[in-house]
There are 2 protein chains.
Amino acid sequence: MAKAQSNVDRIHDRLRHMAADFEFKPDERINESTLATQLDASRTPIREALNRLVAEGYLTFQSGRGFFCRSLSPKRILDLYEARAAIECEAVRRSIERASDADIMAVVEHLDETEPAYDKIDDPVELLAMDEDFHVRLAKLSGNDELVRMLENLNGRIRYVRLINLKNLRSDRPVTIGEDANLSVHRTILSALSDRDVSRAIRATRNHIERRREEATEAVRIAYSQLYVPAD
Amino acid sequence: MAKAQSNVDRIHDRLRHMAADFEFKPDERINESTLATQLDASRTPIREALNRLVAEGYLTFQSGRGFFCRSLSPKRILDLYEARAAIECEAVRRSIERASDADIMAVVEHLDETEPAYDKIDDPVELLAMDEDFHVRLAKLSGNDELVRMLENLNGRIRYVRLINLKNLRSDRPVTIGEDANLSVHRTILSALSDRDVSRAIRATRNHIERRREEATEAVRIAYSQLYVPAD
DNA sequence: GAATCATAAATTGTATACAGTAACATATTC
DNA sequence: GAATATGTTACTGTATACAATTTATGATTC
């Protein structure tokens with residue numbers, strides 16, 4: 001996604017992260033002037049970026065009242081995970097139809113290369129980025145740009161709660177997320193893909209996402225408590 | 001979708017239609033000043049709306065060069081239809097889990113009411129609107145707002161080629177779109193839903209959409225010829 | 001005549017000003 | 001003291017101006 005970034009793109013990126021990480025409080029009205037001075041720009045490009053974020057589902061907009069951060073609810077997280085399952089399963093289905101063996105092998109090799117790192121990496125942010133990267137690569141095998149696009153949008157919006165979830169797991173047990181639970185599932189999906197076994201591949205994908213969903217719904221509660229604790 | 005419309009919302013709506021109907025030529029650069037005078041507004045709100053349309057996938061944006069109409073290709077239509085299948089099948093799956101009998105019956109009754117009109121209505125625009133309306137109602141049974149949101153976006157972007165397709169069918173045979181091909185499938189989906197028969201419901205949905213897809217891909221070719229014929 | 005460069009025109013990118021409106025605080029009435 | 005009215009503040013919505021950049025035009029060279 002690295003491209004010739006205009007200023008609006010930069011602001012858009014920055015604001016998207018702020019929205020995803022809930023640097024705005026849920027349902028809070030977003031003050032454009034404050035943002036403008038914070039990001040060292042005028043209100044015009046800020047508003048352009050905010051409008052994009054509305055279309056992307058990060059924010060809402062009310063005529064005459066301005067932009068608002070969308071609230072975070074267990075229901076919405078559930079919705080997003082279901083949408084993700086829909087997109088990824090369709091991607092898998094189409095990958096089996098269309099992806100070449102070579103393309104599939106490339107993803108397998110990428111997994112081989114990155115898998116060892118899972119155990120070493122401590123930073124949840126990096127860990128999550130790797131996981132998202134895998135899923136996007138998987139989706140790209142479908143050759144369907146729209147599915148990829150939608151998945152990237154969903155990833156961005158789910159990221160925050162996944163992060164909360166990862167950080168929490170981490171405090172319980174030392175390094176449990178990378179291995180069996182997650183990675184073997186990734187391999188399962190890929191091997192089913194290689195075998196062109198539609199039902200097995202889809203079942204694996206759906207199970208994988210649904211399991212994550214349950215964790216995420218739990219994470220929302222935790223997220224809420226974190227959001228409203230004043231950082232003193 | 002009727003809400004308190006601000007000026008930007010109005011412009012956004014208007015521009016979305018213009019983009020969907022390819023009043024801009026594919027890959028053509030969009031002149032902001034011209035639009036501003038056309039829509040009787042300044043460039044500021046126009047640009048805000050254009051930015052939303054970029055996020056919605058209708059337009060592209062290049063730093064320093066401005067906004068462009070996305071090109072229409074058989075490949076992209078295929079992608080959009082696949083995405084639609086993904087979304088609608090997931091919606092059906094969840095509807096079976098969660099929708100009440102009463103809610104399903106409400107959609108059946110709505111179909112009962114509107115079905116007779118299919119034969120009478122001549123206007124392809126209206127016909128298409130009715131079809132989209134049915135599919136959105138179906139999706140809403142899932143209770144998943146994100147799926148509905150995504151479906152509405154896809155509908156908007158597919159609309160033009162579907163319209164071309166409808167107009168073409170119409171010139172061949174008199175009134176063939178409403179009946180067996182389409183409506184009975186709608187009923188099939190609903191009856192499978194009522195029976196809580198997942199595999200039958202999903203199969204019906206997927207078949208329905210895939211059939212439409214084939215027509216649409218063909219329609220792209222026709223659309224192209226229409227787009228580039230100068231209206232003299 | 002094609003290619004290259006210089007100049008002019010058009011267009012985008014952003015700051016800013018100001019009008020209109022909503023939110024807030026204060027005063028007034030019962 | 002609660003509720004309503006009123007004035008003030010703060011913020012949004014949009015037009016406009018201007019700088020920066022790109023595109024178009026024309027001149028010049030080979």
Side-chain angles (χ1 to χ4, degrees), chain A residues 1-19 22-71 228, chain B residues 1-19 22-71 230:
Chain A
M1 285 278 267
K3 45 189 156 185
Q5 279 215 331
S6 71
N7 192 30
V8 179
D9 286 336
R10 191 182 52 77
I11 293 172
H12 173 249
D13 258 31
R14 179 77 188 283
L15 288 180
R16 189 177 55 227
H17 280 113
M18 290 177 73
F22 287 89
E23 291 184 33
F24 315 114
K25 292 262 190 298
D27 284 326
E28 185 187 58
R29 181 175 176 170
I30 293 169
N31 189 314
E32 298 168 13
S33 306
T34 309
L35 270 185
T37 53
Q38 267 180 42
L39 304 191
D40 198 46
S42 81
R43 279 175 52 221
T44 311
I46 300 273
R47 279 180 64 103
E48 292 190 5
L50 288 173
N51 271 287
R52 285 200 205 175
L53 291 169
V54 168
E56 286 167 349
Y58 286 94
L59 305 177
T60 61
F61 171 78
Q62 276 181 283
S63 174
R65 311 206 331 113
F67 299 88
F68 296 81
C69 185
R70 282 188 88 169
S71 63
Y228 291 117
Chain B
M1 285 277 270
K3 45 189 156 184
Q5 279 214 331
S6 71
N7 192 29
V8 179
D9 287 336
R10 192 182 52 76
I11 293 172
H12 174 248
D13 258 31
R14 180 76 187 284
L15 288 180
R16 190 177 55 227
H17 281 113
M18 290 176 73
F22 287 90
E23 292 185 33
F24 315 115
K25 291 262 190 297
D27 285 327
E28 187 186 57
R29 181 176 176 168
I30 293 169
N31 189 316
E32 299 168 12
S33 306
T34 309
L35 271 184
T37 52
Q38 267 181 42
L39 304 191
D40 199 46
S42 80
R43 279 175 53 221
T44 311
I46 300 274
R47 279 181 62 103
E48 292 190 6
L50 288 173
N51 271 288
R52 285 199 204 176
L53 291 169
V54 169
E56 286 167 349
Y58 287 93
L59 305 176
T60 61
F61 172 79
Q62 275 181 285
S63 173
R65 310 205 332 114
F67 298 88
F68 296 80
C69 185
R70 282 188 87 170
S71 63

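Chain A is the first sequence line, chain B the second, and so forth, proteins listed ahead of strands; every chain is numbered from 1.
- Comparing dT14(C), dA15(D), dA22(C) by their closest approach to the side chain of A41(B) singles out dA15(D).
- Here the C1' atom of nucleotide dA17(D) and the CZ atom of R47(B) are 15 Å apart, to the nearest Å.
- Closest-nucleotide positions on DNA chain C for E32(B) and G64(A) were compared, and the one nearer the 5' end corresponds to E32(B).
- Partner of H12(B) under the side-chain contact (heavy atoms from CB on, under 4.5 Å) criterion, chosen from I46(B), L53(B), L50(B), N51(B): L53(B).
- Each of G66(B) and T44(A) has a nearest nucleotide on DNA chain C; the 5'-most of these lies closest to G66(B).
- Protein atom CD1 of I46(B) is 11 Å distant from nucleotide atom C1' of dT14(D), rounded to whole Å.
- Protein atom CG of N7(A) is 13 Å distant from nucleotide atom C1' of dT12(C), rounded to whole Å.
- Comparing dT16(D), dT14(C), dG13(D) by their nearest atom to the side chain of R43(A) picks out dG13(D).
- Residue contacts for R29(A): at a heavy-atom cut-off of 4.0 Å it reaches the sugar-phosphate backbone alone, with no base atom in range.
- Residue-level contact check: F67(B) touches neither bases nor backbone, having no heavy atom under 4.0 Å from any strand.
- A straight line from CZ of R10(B) to C1' of dG13(D) spans 13 Å, rounded to a whole angstrom.
- Looking at heavy-atom distances under 4.0 Å, I11(B) makes no contact with the nucleic acid at all.
- Proximity of V54(B) to T60(B): side-chain heavy atoms (C-beta onward) are nowhere separated by under 4.5 Å.
- Residues L15(A) and L35(A) have side chains in contact (heavy-atom distance under 4.5 Å, counting atoms from C-beta outward).
- At least one side-chain nitrogen or oxygen of S42(A) sits closer than 4.0 Å to the OP1 or OP2 atom of dA15(C).
- For R52(A) and F61(B), the positive end sits near the middle of the six-membered ring, less than 6.0 Å away and at most 45° from its axis.
- We find that CG of N51(B) is positioned 12 Å from C1' of dT12(C), with the value rounded to whole Å.
- At distances below 3.5 Å, at least one donor-acceptor pair connects side-chain atoms of E28(A) with backbone N or O atoms of K25(A).
- The side chain of N31(B) approaches dT12(C) more closely than any other nucleotide in the set dT12(C), dA15(D), dT14(C).
- The separation between E28(B) atom CD and dT11(C) atom P is 12 Å, rounded to whole Å.
- Nucleotide dT22(D) holds its C1' atom 11 Å from the CZ atom of F68(B), rounded to whole Å.
- Atom CD in Q62(B) sits about 17 Å away from atom P in dT21(D), given to the nearest Å.
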